[in-house]
Structures are given as C-alpha cells and as structure tokens.
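When reading the values below, keep in mind they use all heavy atoms of this one structure, side chains included, and skip hydrogens, waters and symmetry mates. In the text below, chain A, chain B and the rest are named by the order of the sequence lines, each starting its count at 1. These figures come from a predicted structure and were not determined experimentally.
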Protein chains: 2
Amino acid sequence: MADDIFKALADPTRRTILDELAESPGQTLFELCSRLAMKHRLGMSRQAVSQHLAVLEAAGLVETRREGRYKFHDLNPAPLRHLTERWTGPNPTEDTP
Amino acid sequence: MADDIFKALADPTRRTILDELAESPGQTLFELCSRLAMKHRLGMSRQAVSQHLAVLEAAGLVETRREGRYKFHDLNPAPLRHLTERWTGPNPTEDTP
DNA sequence: TTGTCAGGCAAGCGTCTGCTTGCCTAGGGT
DNA sequence: ACCCTAGGCAAGCAGACGCTTGCCTGACAA
C-alpha cells in the first residue's frame, strides 16, 4: 500500500512523469514519450515509459481511461496528501472546515 | 537532494527505523537493532541496520551525535515537510502563525 | 480486406541494492 | 597491561530494478 507509493516515487523518471501529468493532464503514452524527450531530454523507449506508468498506476498515483484506441493518463495526488504525516505529525491547521 | 530522500524512503526497513526514532529519539545502533528485532520481528545483522542509518543520514532524515563510544541517532523530519507539495500543491492553511 | 497507429506482453541483459561475513579501530572498565 | 563493547570498513552474493528488443492485439481509415 504505502510501500507501493514510496517505491513508485523512488525513481526520478517516474517523478518527472508525475510532474508532466500535473502540468498537462490527460496525456496518452505517446504524448508523454515525446514530451519527456523534448522537455526533459530523456531518450527512452516507449515500453520504458509504459512500464513506469504501470508502476504509478499500481500505486494509485495515476488513473487511466480508455477511449477507442487511446488511453489517457491523469495524476491522482490523493495518496500523497498525508503520506509523510507519519513522521511530521498532522499539519496543525490542515483540512479546516 | 530530493532524490536521496525518496530513495531513502523507498525501503520498508528504513521507514520502520524512522518510526522507531520518532517514538523514542536518541537511540544507539544496538538499541535500534534490538528494538527492530523485538517489536518488529526483523532479524537483521548489526551492519544491515548501520547501512540503513547511513542512507538515512545521507538523506538528512537522521542526525547523529557522538559521545564517547556511543553514537546517538535522532529523526529530522524537516526534509519531509514539503516533499509532496510538488504535486499536491501547498497545503492551504499550513504554517499559520 | 489491407495498412497503419496506439498500446500490451514477455524474455533477456546490465546495473543497483540489501544483506551477510570477516576483520579492524576506538573508548572504557578491571 | 588486558579485555570487552560500540561502531566502522570492505568484499562478496542473490535478488530486484530499469531498460531494451521482438512480437502480438485491437481500433480506425483507405
């Protein structure tokens, strides 16, 4: 559970993918590949990115929806919210109603 | 920098060590070894724990002080505070004075 | 139908990593 | 002096991880 999330965050390429999905949601695999290559100078094969996305999806950090032959990816930051409170203590005034 | 922190958090044993140091600060290597063995049923060699502590210290999550032949370890949660805001956005009401 | 394009599956390979084992240094007590 | 204890250094090993390559499936268009 939390283990999957921390392990998913351990790789710099996966963190860059999260950055990219935060900046422009709903990208397909090919869009992510080209933007990682252009903006971040990461020359990786399509399968490498696909495997990273699988790890992120298994951790619940990325959600996907299919439309025809396209698969769109979106960041889900919810699992990250209280991840480190285990050691920092709850943020005193967070979630004030 | 952030890479060291995420990589340090990726291992479940290291997260347990942080838990243990949060619960009772200032433990020595041997104290940590025995408590990991007793409370968490982790049978590891002393060197394994020592190497984990080195990783945590390199990431800035654990600080140490020597006294004679003892070396005491303390949790430093500061690097964890804003670690995930990169994707969650800043906590709206955090750090209110 | 045939061709093309987005994506998935699986095996293989090199590297990193967590852990062990063995030996070594330094501080403190008798 | 001697011994014991807390900790460090370094080599070695098995498994995990990141990435590639090659082939396959399914959706659309000509």
Worksheet item: Would you say the side chain of A:Arg69 and the base of D:dC28 hold a donor-acceptor pair, judged only by whether the two atoms sit under 3.5 Å apart?
Response: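 Per atom types, no contact qualifies.
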
Give the nucleotide from the list [options] with an atom nearest to the side chain of [X].
X       : options               : answer
A:Asp11 : D:dA27, D:dG7, D:dG18 : D:dG18
A:Gln47 : D:dC19, D:dG7, D:dT21 : D:dT21
B:Gln51 : D:dG8, D:dA11, C:dG7  : D:dA11
A:Met44 : C:dG7, D:dC19, D:dG8  : D:dC19

Worksheet item: For D:dT20, does either OP1 or OP2 sit under 4.0 Å from a side-chain N or O belonging to A:Ser45?
Response: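 Yes, within the criterion.
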
Worksheet item: Under 4.0 Å between a side-chain N or O of B:Lys7 and OP1 or OP2 of C:dC16?
Response: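 Checking B:Lys7 against C:dC16: no side-chain N or O falls below 4.0 Å of OP1 or OP2.
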
Worksheet item: With no hydrogens and no angle check, is any side-chain donor or acceptor of B:Arg65 less than 3.5 Å from a backbone partner on B:Asp74?
Response: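 Side chain of B:Arg65 to backbone of B:Asp74, a donor-acceptor pair under 3.5 Å: no, none is there.
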
Practice prompt. Nearest whole angstrom, please: distance from the C1' of D:dG22 to the CZ of A:Arg46.
Written response: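 Computing the A:Arg46:CZ to D:dG22:C1' distance gives 11 Å.
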
Discussion item. Between A:Leu75 and A:Pro25, is there a side-chain heavy-atom distance shorter than 4.5 Å?
Written reply: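 A:Pro25 does not reach A:Leu75 side chain to side chain.
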
Worksheet item: Quick one: are B:Gln27 and B:Glu20 in side-chain contact, heavy atoms under 4.5 Å?
Response: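 They are in side-chain contact.
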
Worksheet entry | Toward the 5' end of DNA chain D, by each residue's nearest nucleotide, B:Phe30 or A:Thr13 |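 Between the two, 5'-proximity favours B:Phe30.
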
